[in-house]
Amino acid sequence: MCARFKPNDERRKGQFPPINRDEFVKEGSLKNQVANLLAEAFKQWVLDEGLDAQLLNHKVMIEQARDERHGDYASNLAMVVAVKAGRSPRFAAEALIERVAKPSWLESVKIAGPGFINFRLSDQAHHAIIQRVRAKGNQFGCLEPEKGAKKLLIEFVSANPTGPLHVGHGRGAAYGDALARLLRARGWLVDSEYYVNDAGRQMHKLALSVWLRYLERCGMDIEFPSGLYRGDYVRCAAEILYMQQGENLMRSPPSGVMDGENDEARLDVMMGICREELGETDYQRVFDMGLTYNLNDIREDLLSFGVSFDRWFHESELVRHGDLERAVDRLSEAGWTYEKGGATWFASTRLGDDKDRVLLRENGQPTYFASDVAYHLNKCERGYSACINIWGADHHGYIARVRNAMQALAGSTDFLEILLVQFANLYRGSARVSMSTRDGEFVTLRTLREEVGNDAARFFYVMRPCDQHMDFDLELAKSQSQENPVYYIQYAHARICSLHVQLEQKGWGFESEEGIRSLSLLRESHELSLMRQLRRFEEVMDLAAQNRAPHHLANYLRELASALHTYYNHTIILVPETEVRNARMALVDAVRQVLYNGLAFLGVSAPRFM
RNA sequence: GCGCUCGUAGCUCAGUUGGAUAGAGUGUCGGCCUCCGAAGCCGAAGGUCACAGGUUCGAAUCCUGUCGAGCGCGCCA
């Protein structure tokens with residue numbers, strides 16, 4: 001249990017042994033090890049005093065000590081169980097402390113306050129972490145997937161290919177990608193996927209929009225009805241269509257349908273005419289132009305943003321391969337559907353939903369919901385043991401019905417985890433920016449990236465919990481770009497890189513072996529708290545991955561950068577004494593590596609110069 | 001009307017799943033470069049954790065109610 005860190009005397013001989021990485025991976029973080037020690041002591045105490053074994057059901061929680069004076073970790077176990085054990089909290093704490101094994105990496109275990117148990121790690125424990133950072137490099141923070149690790153599918157963005165991505169999608173993209181990176185780092189086998197809604201009515205509206213712009217391009221006088229897509233990109237798609245097809249797709253424009261009483265019904269009539277006039281083959285050309293133009297645009301946009309997917313899953317595949325019919329059939333066979341008013345309904349209320357949901361419309365067309373059921377059934381059948389969906393907050397109302405469908409089909413919803421990303425409210429100065437996609441006024445992700453840069457955008461997006469509303473002032477992000485929090489972290493990284501340059505210029509160089517051997521020379525409070533910050537990294541990674549909360553990592557990086565800046569201002573690192581200098585460089589270079597890795601997990605770069 | 005997410009410093013927000021004296025950034029004010037990058041550091045000021053009850057050794061955190069904000073409640077996607 002306590003064999004990982006070699007005792008002092010061996011290190012003094014300069015035989016600092018490499019840490020057994022496999023052993024470390026298996027045992028988890030120092031925090032978990034402390035929890036194990038306390039759990040053992042707890043068990044022993046219950047046994048020794050003949051206490052009720054039920055007590056052991058209490059989970060042993062270890063938390064990061066808030067105040068450095070309290071040590072590294074703290075536990076409230078004694079206070080939690082005191083009443084049931086019939087002991088005073090302080091008495092219980094004393095009894096537990098007596099029974100805690102004290103390996104060499106643990107300096108002290110003490111009682112404090114009303115009954116806290118405080119743990120302090122030894123210096124060697126912290127030095128070993130610096131050595132591990134050095135040894136693992138870019139892989140520090142990553143765990144190898146265990147044998148038989150679970151396969152996980154994470155689906156995000158999945159915006160309809162009817163226009164460019166806007167800033168709301170950007171948050172989902174930054175969050176989903178950071179989460180995927182975090183989960184991979186912590187040993188999950190993760191596939192990422194974008195679900196392309198290319199089979200619904202919206203796509204036919206897009207096709208009609210493109211065709212009308214195309215007719216305009218051919219010189220015809222067209223009245224462009226409201227409710228269609230009127231962004232510039234529609235004209236671009238039409239232009240390409242014109243270049244490819246010339247006037248081959250010219251037909252008489254749909255007319256005489258403009259003065260109905262219902263906008264949407266009018267559009268339906270126009271879409272019908274468009275399809276009829278063009279015929280299936282030509283209509284498909286127009287339709288595909290709208291789809292591929294937008295899909296290419298989205299793919300390129302995301303790629304530039306540093307977000308890529310393992311798979312783009314098309315809704316039309318579900319239709320083509322019969323998954324959709326099969327999903328509905330399976331629900332029917334299991335007795336979950338009924339006919340009413342010519343439509344097929346899913347009896348969602350039997351599982352607690354507000355109302356039943358239509359699967360197949362009166363006209364036989366499947367609903368969006370039916371596709372979703374088929375898609376999730378498909379995910380299930382692909383052998384994933386867990387699926388994470390990241391949806392926009394406006395999809396909130398769909399959670400219950402999709403979960404219910406999975407409950408009906410698979411008998412469980414445990415494998416399905418749905419996370420909602422709240423919209424970022426955009427401001428220009430003090431004016432709220434409209435997010436309407438209808439007028440083409442909305443702010444695209446691309447605009448945002450050009451204004452504030454990829455790094456700032458990604459960091460801002462994941463700086464807050466995804467389920468929180470967030471105000472994002474474009475003017476502020478632009479005008480204050482120099483005070484952007486991400487620069488603060490990047491600056492710390494660049495400062496350390498600059499030290500390496502200075503070293504070269506002075507002809508000193510960096511002896512990392514000697515530095516690591518000499519770490520015990522570092523006794524300043526700023527040095528010790530930097531080491532403590534480094535130790536927290538893997539714990540924060542776990543916290544962020546387990547809670548699907550990359551913002552913990554963002555906050556941590558800011559704190560680490562702050563500790564570095566404080567140290568840097570307070571202490572000269574490049575001193576003439578070689579041992580001290582190398583020790584300080586070893587410490588600071590470990591900070592550099594952790595900043596680099598941490599930013600990388602958030603999809604943010606760490607430049608060497610700024 | 002019902003459901004979900006919330007309400008913490010002037011502003012934008014953390015708060016390690018119920019712990020020790022509620023913290024950052026920004027803004028305001030005052031200090032620090034003959035010294036490794038001042039995109040930095042140090043200090044001051046700023047709070048009825050929306051409000052009222054409750055649960056217990058202990059509440060910003062959990063429960064109930066009130067007020068307020070956002071989102072969702074379609075044979076749209």
Self-check item: Below 4.0 Å: OP1/OP2 of B:rA20 and any side-chain N or O of A:R66
Solution: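 A:R66 to B:rA20 OP1/OP2: side-chain N or O found under 4.0 Å.
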
Exercise. Report yes if at least one side-chain N or O of A:T566 is closer than 4.0 Å to OP1 or OP2 of B:rC42; otherwise report no.
Key: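 Checking B:rC42 against A:T566, a side-chain N or O does come within under 4.0 Å of OP1 or OP2.
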
Using distance alone, with no hydrogens and no angle criterion, decide if [X] and [Y] have a side-chain donor and acceptor under 3.5 Å apart.
X	Y	answer
A:T337	A:T344	no
A:Q64	A:R535	yes
A:N389	A:H376	yes
A:E539	A:Y556	no
A:D198	A:H314	yes

Exercise. Check the angle between the aromatic planes of A:Y338 and A:W345 and answer parallel, tilted or perpendicular using the 30° and 60° thresholds.
Key: parallel

Quiz item: Relative to each other, are the rings of A:F601 and A:F537 parallel, tilted or perpendicular (30° and 60° limits)?
Solution: parallel

Practice problem: Using heavy atoms and a sub-4.0 Å distance, could you list which residues of residues 196-205 of chain A are near RNA chain B? By number, please. | Solution: A:G200, A:R201, A:Q202

Quiz item: Going by heavy atoms closer than 4.0 Å, what residues in residues 587-596 of chain A are next to RNA chain B?
Solution: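 Heavy-atom contacts with RNA chain B come from no residue of residues 587-596 of chain A; none.
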
Please pick, from [options], the nucleotide with the shortest atom-to-atom distance to any side-chain atom of [X].
X	options	value
A:R464	B:rU17, B:rC13, B:rA39	B:rC13
A:Q64	B:rA38, B:rG19, B:rU16	B:rU16
A:A74	B:rU16, B:rA20, B:rG19	B:rA20

Exercise. Only one of A:L521, A:L522, A:V588 passes side-chain contact (heavy atoms from CB on, under 4.5 Å) with A:E527; say which it is.
Key: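 Option passing the side-chain contact (heavy atoms from CB on, under 4.5 Å) with A:E527: A:L522.
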
Just the atom pairs and distances: protein N or O near nucleotides 28-30 of chain B's N or O, under 3.5 Å.
none

Report the distance from atom [atom1] of [X] to atom [atom2] of [N], rounded to the nearest whole Å.
X	N	atom1	atom2	value
A:Y556	B:rG15	OH	P	17 Å
A:R403	B:rC4	CZ	P	14 Å
A:R558	B:rG15	CZ	P	12 Å
A:Q468	B:rU8	CD	P	10 Å
A:R608	B:rA39	CZ	P	20 Å
A:L553	B:rU16	CG	C1'	14 Å
A:H551	B:rG25	NE2	P	17 Å
A:L351	B:rG3	CG	P	19 Å

Quiz item: Can you find a donor-acceptor N/O pair under 3.5 angstrom joining the side chain of A:N76 to the base of B:rA20?
Solution: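 Side chain to base: no pair below 3.5 Å.
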
Self-check item: Contact nearer the 5' end of RNA chain B, comparing A:I117 with A:A65
Solution: A:A65

Exercise. Specify the residue among A:S75 and A:H565 whose closest nucleotide of RNA chain B lies further upstream toward the 5′ end.
Key: A:S75

Has [X] got a side-chain atom pairing as donor or acceptor with [Y]'s backbone, closer than 3.5 angstrom?
X	Y	value
A:N160	A:T162	no
A:D72	A:R120	no
A:T349	A:G352	no
A:T566	A:S562	yes
A:R403	A:L416	yes

Take atom [atom1] in [N] and the same atom in [M], then report the distance between them in whole Å.
N	M	atom1	result
B:rU21	B:rC63	P	25 Å
B:rC36	B:rG43	P	22 Å
B:rU8	B:rG23	C1'	10 Å
B:rU55	B:rU61	C1'	13 Å

Base, sugar-phosphate or nothing for [X]? Non-hydrogen atoms, less than 4.0 Å.
X	value
A:F609	base
A:M463	nothing
A:V83	sugar-phosphate
A:A492	nothing
A:R90	nothing
A:E63	sugar-phosphate

Practice problem: State the syn/anti category of B:rC33 according to its glycosidic angle, syn meaning within 90° of 0. | Solution: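 It is syn.
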
Quiz item: Going by a 90° cut-off around 0, is B:rU16 syn or anti?
Solution: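 B:rU16: anti glycosidic orientation.
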
Quiz item: Does the pair A:E524/A:R584 count as a salt bridge with the N-to-O cut at 4.0 Å?
Solution: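 Looking at A:R584 together with A:E524, the answer is yes, because their closest N to O distance falls below 4.0 Å.
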
Practice problem: Answer yes when A:K31 and A:E538 have at least one side-chain N-carboxylate O distance shorter than 4.0 Å, and no when they do not. | Solution: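 Judged by the 4.0 Å cut-off on N to carboxylate O distance, A:K31 and A:E538 do not form a salt bridge.
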
Atom pairs, protein N/O to nucleotides 34-36 of chain B N/O, distance under 3.5 Å:
residue : atom : partner : partner atom : Å
B:rC36  : O3'  : A:Q502  : NE2          : 3.3
B:rC36  : O2   : A:I573  : N            : 3.4
B:rC36  : O2   : A:L574  : N            : 3.0
B:rC36  : N3   : A:I573  : N            : 2.9
B:rC36  : N4   : A:Y568  : O            : 2.5
B:rC36  : N4   : A:T571  : O            : 2.3

Would one find more than 12 heavy atoms of other residues, nucleotides or ligands at under 6.0 Å from atom [atom1] of [X]?
X	atom1	result
A:R350	CZ	yes
A:Y596	OH	no
A:E451	CD	yes

Quiz item: If the sugar-phosphate is the primed atoms plus P, OP1 and OP2 and the base is the rest, what is the B/S/- string for nucleotides 70-75 of chain B, using protein heavy atoms under 4.0 Å?
Solution: SSSSSB

Practice problem: Using the side-chain contact (heavy atoms from CB on, under 4.5 Å) rule, take A:T578 and A:E511 through it: C-alpha gap first, then chi angles, then the decisive distance, then the call. | Solution: CA-CA 9 Å; A:T578 54; A:E511 302 295 334; over 6 Å; no

Exercise. Measure from the ring centre of A:H70 to the centre of the six-membered ring in the base of B:rA20, then say whether that distance is under 5.5 Å and the planes meet at under 30°.
Key: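 Yes, A:H70 stacks on the base of B:rA20.
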
Exercise. With pairs defined as Watson-Crick or G-U wobble and both distances under 3.5 angstrom, please note down RNA chain B as a dot-bracket string, | for pairing with another strand.
Key: (((((((..((((.....[...)))).(((((.......))))).....(((((..]....))))))))))))....

Self-check item: A:R201, A:H204, A:K205 screened by side-chain hydrogen bond (donor to acceptor under 3.5 Å, both in side chains) with A:D268, the one that passes
Solution: A:R201

Practice problem: Indicate, with yes or no, if the rings of A:Y488 and A:H565 have centres closer together than 6.0 Å. | Solution: yes

Quiz item: Do the non-hydrogen side-chain atoms of A:M463 and A:L602 ever get within less than 4.5 Å of each other?
Solution: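 A:M463 does not reach A:L602 side chain to side chain.
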
